[in-house]
Amino acid sequence: MSTPEWLESWSDDEGAARVRDLFARTFPGEAPDGVWSAPGRVNLIGEHTDYNGGLALPTALPHRTYVALRHREDDVVRLGSAQAPGEVWTARLADVAPGAVSGWGAYVAGVAWALAQDGHEVRGFDAVVDSCVPFGAGLSSSAALECAVAVALDETGRLGLAGDDAGRATLVTACVRAENEIAGAPTGGMDQAASLRATAGHALLVDSRPGLSALESGTPVPFDLAAAGLTLLVVDTRAEHALVDGQYAERRATCERAAGLLGVETLRDVDPDRLDETLAALAAHDPDGVLARRVRHVVTEIDRTARFRDLVTDGRADEVGPLMVASHTSLRDDYEVSARELDLVVDAALAAGALGARMTGGGFGGSAIALVRADAVDAVAAAVQEAFDAAGLRSPGFLLAPPSAPAGRTA
């Protein structure tokens with residue numbers, strides 16, 4: 001059997017050293033104004049609920065994206081990345097607009113564009129990035145990039161937003177606009193909220209109900225796994241995950257159509273106690289049952305997220321496993337966003353003694369999580385690795401995910 005590969009997070013010193021060195025090689029003779037970083041996120045429960053006005057419960061990963069940045073006096077943006085060696089992505093801020101730029105730099109320049117759209121003075125900058133957030137793993141590498149850039153631009157531009165939670169909520173909105181309008185990925189705001197507003201030892205209850213202020217939409221929830229003798233194991237299946245391939249957008253459009261047919265603003269407004277009646281009302285418009293399945297997932301997932309929140313708030317984290325399993329089943333069967341590799345992780349982890357397991361993130365590949373006793377981590381990881389070996393699949397990567405700190409200055 002293959003040995004499980006553990007994907008370690010970097011210390012802040014290591015991350016800062018990496019991007020300082022890269023900056024010196026990319027822009028010889030210049031020095032950055034500082035180094036900032038932001039975490040990826042893992043979602044405990046509440047999948048595909050954010051754009052439906054619902055609840056999600058993410059935590060920040062210890063794995064982060066690091067940005068070394070130097071402000072400019074003009075509007076030129078120059079970007080280098082350790083993940084794209086030898087390339088420098090270049091644009092002028094005046095040319096950044098929906099549909100006008102492409103490539104990974106759109107996520108970065110899009111943040112500057114969104115801040116400018118909000119009335120903030122934003123100038124050009126030179127920046128480089130490096131990251132230990134696994135790319136394509138459904139762990140929000142794009143949000144980590146956006147949020148690291150956001151706190152960097154906030155400080156170098158003296159915008160004064162990152163110093164409190166209200167200002168960070170404003171930065172979340174800018175990062176979401178960057179991803180939706182400039183990068184063209186129609187995601188909700190959960191990822192950016194977790195990266196900018198989650199705190200160590202806590203999950204963040206993200207409430208996406210329309211009408212809530214950005215500040216009201218995030219509430220910290222104590223989630224001290226170590227005190228409960230538990231560990232959150234993340235498995236990167238390495239079945240590549242992408243949000244701009246049309247599947248994610250199709251799910252979102254279907255939910256919006258269902259809400260319109262039901263006469264509600266979002267599916268958050270559907271009463272879970274009248275779900276059967278609601279699904280029956282869709283029947284005339286839904287001969288193949290797709291609308292009903294999508295709605296059933298969203299409504300039941302919002303309810304599961306609220307119950308998960310209540311259990312961990314009461315110090316009963318060891319009782320959330322059945323909710324995680326039910327979430328995965330719903331995502332697999334009703335929302336149809338799982339994959340062979342994700343199902344394999346869940347089945348193998350549960351068989352090896354995990355308390356609960358589910359896919360996490362947008363789906364169609366990416367990662368799964370398992371809640372395990374701290375003394376069973378190695379056994380569960382070995383069981384998952386063995387299952388992948390037996391299936392002839394590429395070996396997955398394994399991460400430990402204690403709830404970690406949000407975006408901020410690193411050096």
*Name all residues meeting the salt bridge (Lys or Arg N to Asp or Glu O under 4.0 Å) criterion together with E336; count only those two or more places apart in sequence or in a different chain, and write none if there are none.*
R293, R294
*With a 3.5 Å cut-off and no angle check, do the side chains of S142 and E146 form a donor-acceptor pair?*
no
_Any S395 side-chain heavy atom under 4.5 Å of D389 side chain_ = yes
_Pairwise distance CG(N43) to OG1(T360) - rounded to 0.5 angstrom_ = 5.0 Å
*So, R316 and D310, do they make that salt bridge, N to O below 4.0 Å?*
no
_R41/D191 ion pair, N-O < 4.0 Å_ = yes
*Determine whether P62 and P402 make a side-chain contact, defined as any pair of heavy atoms from C-beta on separated by less than 4.5 Å.*
yes
*Do F23 and D126 come within less than 4.5 Å of each other through their side chains, counting heavy atoms only?*
yes
*Polar side-chain atom of T49 near backbone of L55 as donor-acceptor pair, under 3.5 Å*: yes
*Mutual orientation of the aromatic rings belonging to F223 and F308 [parallel < 30°, tilted 30-60°, perpendicular > 60°]*: tilted
_Determine whether R394 and E341 satisfy the following criterion, salt bridge (Lys or Arg N to Asp or Glu O under 4.0 Å), listing intermediate values before the conclusion._
CA-CA 10 Å; R394 179 185 178 189; E341 294 88 347; over 6 Å; no
*Check for a donor-acceptor pair, side chain of S217 on one end and backbone N or O of V206 on the other, with a separation under 3.5 Å.*
no
_Set out, in order, the CA-CA distance, both residues' side-chain angles and the distance that settles side-chain contact (heavy atoms from CB on, under 4.5 Å) for L145 and W104, then state yes or no._
CA-CA 10 Å; L145 173 60; W104 71 272; 4.1 Å; yes
*Without hydrogens or angle criteria, can the side chains of E301 and S327 be said to hold a donor-acceptor pair below 3.5 Å?*
yes
*Does D271 reach the main-chain N or O of D273 with its side chain, forming a donor-acceptor pair under 3.5 Å?*
yes
*Apply the test salt bridge (Lys or Arg N to Asp or Glu O under 4.0 Å) to residues R197 and D165: give CA-CA distance (whole Å), side-chain angles for both, the deciding distance (0.1 Å), then the verdict.*
CA-CA 7 Å; R197 301 179 66 193; D165 194 45; 2.8 Å; yes
_Side-chain donor/acceptor of D334 to backbone N/O of R296, under 3.5 Å_ = no
*Are any of the side-chain nitrogens in E265 or R209 under 4.0 Å away from the carboxylate oxygens of its partner?*
no
_Shortest non-hydrogen contact between I45 and R304, atoms and distance_ = CD1-CB, 3.9 Å
*So, do L311 and L323 sit near enough that their side-chain heavy atoms are less than 4.5 Å apart?*
yes
_Side chain D286, main chain A292, donor-acceptor under 3.5 Å_ = yes
_If only side-chain N and O atoms count, and only distance matters, is there a donor-acceptor pair under 3.5 Å linking S338 with D343?_
yes
*Measure from the side-chain N and O atoms of R168 to the backbone N and O of A407, and report whether any donor-acceptor pair falls under 3.5 Å.*
yes
*Side-chain contact test, heavy atoms from C-beta onward, threshold under 4.5 Å: evaluate it for Q385 versus P396 and give yes or no.*
yes
*How about I302 and L267: do any of their side-chain heavy atoms sit closer than 4.5 Å?*
no
*Between CG of L399 and CG of L233, what distance do you get to the nearest 0.5 Å?*
8.5 Å
*Mind running salt bridge (Lys or Arg N to Asp or Glu O under 4.0 Å) on E319 and R307 for me, showing each step along the way?*
CA-CA 10 Å; E319 299 179 29; R307 288 191 282 151; over 6 Å; no
*Identify the two heavy atoms, one from W113 and one from A97, that lie closest to each other, and give their separation to 0.1 Å.*
NE1-CA, 4.2 Å
*Would you find a donor on one side and an acceptor on the other, under 3.5 Å apart, between the side chain of R409 and the backbone of A411?*
yes
_Other residues, nucleotides, ligands: >12 heavy atoms within 6.0 Å of R274 CZ_ = no
*So, R252 and E250, do they make that salt bridge, N to O below 4.0 Å?*
no
_Testing the 3.5 Å rule here: is there a donor-acceptor pair between the side chains of Q192 and E179?_
yes
*Is there a side-chain contact between P4 and F388, using heavy atoms and a 4.5 Å cut-off?*
no
_Between Y248 and Y51, ring centroids under 6.0 Å_ = yes
*State whether the side chain of H48 and the backbone N or O of G362 hold a donor-acceptor pair below 3.5 Å, judged by distance alone.*
yes
*Side chains of D236 and P134 in contact at under 4.5 Å (non-hydrogen atoms)*: yes
*Please, which pairs that meet side chain to side chain donor-acceptor pair (under 3.5 Å) have at least one residue in residues 54-64, sequence neighbours excluded?*
S37-R64
_Is there a side-chain contact (heavy atoms from CB on, under 4.5 Å) between T156 and W36? Walk through the geometry before answering._
CA-CA 11 Å; T156 57; W36 295 261; 3.7 Å; yes
*May I ask you to check whether over 12 heavy atoms, not counting those of E181, lie within 6.0 Å of atom CD?*
yes
_Criterion side-chain contact (heavy atoms from CB on, under 4.5 Å) on L171 and L115, from CA distance to verdict_ = CA-CA 8 Å; L171 291 177; L115 289 169; 3.9 Å; yes
_Worked check of salt bridge (Lys or Arg N to Asp or Glu O under 4.0 Å) between R268 and D207_ = CA-CA 10 Å; R268 174 71 174 277; D207 190 334; 2.8 Å; yes
*Between S131 and Q83, is any side-chain donor less than 3.5 angstrom from a side-chain acceptor?*
no
_ring-ring contact (aromatic ring centres under 6.0 Å, His included) partners of F125, counting only residues at least two apart_ = none
